Amino acid sequence: MTYSGAVRVGGPADVHELPDLMISKVAVGPMDNNAYLLRCRATGEQLLIDAADDASTLLTLIGDDGIASVVTTHQHGDHWQALAEVVAATGARTYAGREDAAGIPVPTDVLLEDGDGVAVGNVRLTARHLAGHTPGSVALVYDDPHGHPHVFTGDCLFPGGVGNTRKDPEAFARLLHDVETRIFDVLPDETWVYPGHGNDTTLGAERPHLPEWRARGW
């Protein structure tokens with residue numbers, strides 16, 4: 001089956017099969033959060049992005065192989081409701097942006113800075129710090145050596161705009177700046193975007209609308 005990225009709470013995961021990495025996307029919780037399970041094909045090691053809610057669904061997705069690590073994209077509560085239970089069940093190492101870790105009620109083992117590497121088996125992801133939605137939000141970029149990049153953006157970039165900055169013009173300006181300079185300016189149009197809620201998109205689909213987002217202020 002062709003991957004679409006369209007998932008619903010209570011429905012099956014959608015699996016994006018890449019040469020070196022398998023990405024399973026599932027929707028959980030009352031706010032339709034996306035959680036992503038990444039599996040290195042060579043080693044079988046797994047990493048979870050956002051233990052957002054519904055630990056039983058996430059643990060079923062993870063399966064008997066467990067996970068080595070879990071990355072929380074930012075400190076908002078809808079992105080870590082299942083974190084304590086998942087970590088207790090798997091012993092996973094926890095990662096989060098340095099500026100957001102204090103707002104996550106599960107201790108963070110690794111504090112991420114912009115440009116830090118996060119490994120899942122033989123696969124390397126790069127953390128990009130994107131401030132504005134929260135002080136320490138992080139995106140994870142996988143630069144697939146066999147194709148185009150993939151980026152997990154949390155709540156910083158969606159189809160149709162950047163994340164909510166609560167009508168704070170300074171926060172919006174910071175978030176748009178970081179998304180432009182650390183995502184759009186360095187990654188090609190073919191880059192696949194996996195957001196924290198809703199459907200996926202590509203940078204090419206969103207890039208023409210950057211001036212419109214700047215003009216409207218959200």
Side-chain angles (χ1 to χ4, degrees), residues 5 23 25 27-29 31-36 38 47-53 70-80 83 95-104 108 111-118 125-143 148-189 191-218:
I23 302 166
K25 176 182 180 178
V28 292
M31 297 184 70
D32 287 351
N33 285 76
N34 295 326
Y36 300 93
L38 280 55
L47 174 150
L48 183 68
I49 299 175
D50 283 344
D53 211 316
V70 55
V71 178
T72 302
T73 58
H74 63 289
Q75 65 179 303
H76 286 161
D78 59 308
H79 289 259
W80 47 253
L83 182 59
Y95 292 71
R98 179 176 295 277
E99 292 84 355
D100 270 20
I104 300 169
T108 299
L111 300 173
L112 293 171
E113 307 274 6
D114 185 62
D116 283 351
V118 179
L125 311 171
T126 302
R128 300 315 310 256
H129 178 209
L130 307 173
H133 181 68
T134 65
S137 290
V138 291
L140 292 175
V141 177
Y142 170 50
D143 192 0
H148 57 73
H150 300 256
V151 56
F152 302 86
T153 56
D155 283 1
C156 289
L157 178 63
F158 297 97
V162 296
N164 185 5
T165 51
R166 299 159 296 281
K167 299 183 180 180
D168 180 338
E170 290 186 6
F172 169 75
R174 175 64 190 273
L175 180 55
L176 185 61
H177 172 270
D178 284 2
V179 166
E180 283 189 300
T181 59
R182 293 179 174 174
I183 303 294
F184 281 97
D185 287 356
V186 297
L187 297 172
D189 284 351
T191 302
W192 197 279
V193 177
Y194 305 82
H197 304 262
N199 292 335
D200 300 353
T201 186
T202 64
L203 292 188
E206 307 305 324
R207 194 184 302 275
H209 304 289
L210 286 167
E212 159 192 340
W213 302 351
R214 184 177 294 104
R216 76 188 185 191
W218 55 274

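Quick caveat, the model's predicted, so the values are computed rather than measured. Computed from heavy atoms alone, side chains included, the values below leave out hydrogens, waters and symmetry copies.
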Can you name the closest pair of heavy atoms from [X] and [Y] and give their distance?
| X | Y | value |
| --- | --- | --- |
| A101 | T108 | CB-OG1, 3.6 Å |
| A96 | I104 | CB-CD1, 3.6 Å |
| C156 | V179 | O-CG2, 3.8 Å |
| H74 | S137 | CB-OG, 3.3 Å |
| D200 | G5 | OD2-CA, 3.6 Å |
| A127 | L140 | CA-CD2, 4.0 Å |

Determine whether [X] and [Y] make a side-chain contact, defined as any pair of heavy atoms from C-beta on separated by less than 4.5 Å.
| X | Y | value |
| --- | --- | --- |
| L175 | L157 | no |
| I183 | T191 | no |
| D78 | H197 | yes |
| D53 | N33 | no |
| P135 | D100 | yes |
| R128 | V151 | no |
| R98 | H129 | no |
| T201 | F158 | no |

In chain order, what residues pass the ring-ring contact (aromatic ring centres under 6.0 Å, His included) check against Y142, with sequence neighbours excluded? none
For W213 and H209, take the angle between the two ring planes, folded into 0 to 90°, and tell me which bin it lands in: parallel under 30, tilted 30 to 60, perpendicular over 60. parallel
Derivation and outcome, side-chain hydrogen bond (donor to acceptor under 3.5 Å, both in side chains), residues D50 and H79: CA-CA 6 Å; D50 283 344; H79 289 259; 2.9 Å; yes
Under the salt bridge (Lys or Arg N to Asp or Glu O under 4.0 Å) test, residues paired with D178 that sit two or more places apart: R174
Nearest 0.5 Å, please: how far is [atom2] in [Y] from [atom1] in [X]?
| X | Y | atom1 | atom2 | result |
| --- | --- | --- | --- | --- |
| I49 | L125 | CD1 | CG | 6.5 Å |
| R207 | D189 | CZ | CG | 4.5 Å |
| H148 | D143 | NE2 | CG | 11.0 Å |
| L210 | E180 | CG | CD | 5.0 Å |
| T181 | L176 | OG1 | CG | 9.5 Å |

Assess whether side chain to side chain contact (heavy atoms under 4.5 Å, CB included) is satisfied between L38 and F152, documenting all intermediate values. CA-CA 11 Å; L38 280 55; F152 302 86; 3.9 Å; yes
Report the residue from V138, V141, V193, T73 that forms a side chain to side chain contact (heavy atoms under 4.5 Å, CB included) with T153. V193
Do any N or O atoms from the side chain of D168 and from the backbone of T165 form a donor-acceptor pair under 3.5 angstrom? no
Short question: side chain of Y36, backbone of L47 - any donor-acceptor pair under 3.5 Å? no
Side chains of T134 and Q75: do they bring a donor and an acceptor to under 3.5 Å? no
Taking atom CD of E170 as the centre, does the number of heavy atoms from other residues, nucleotides or ligands within less than 6.0 Å exceed 12? no
Determine whether W218 and K167 satisfy the following criterion, side chain to side chain contact (heavy atoms under 4.5 Å, CB included), listing intermediate values before the conclusion. CA-CA 7 Å; W218 55 274; K167 299 183 180 180; over 6 Å; no
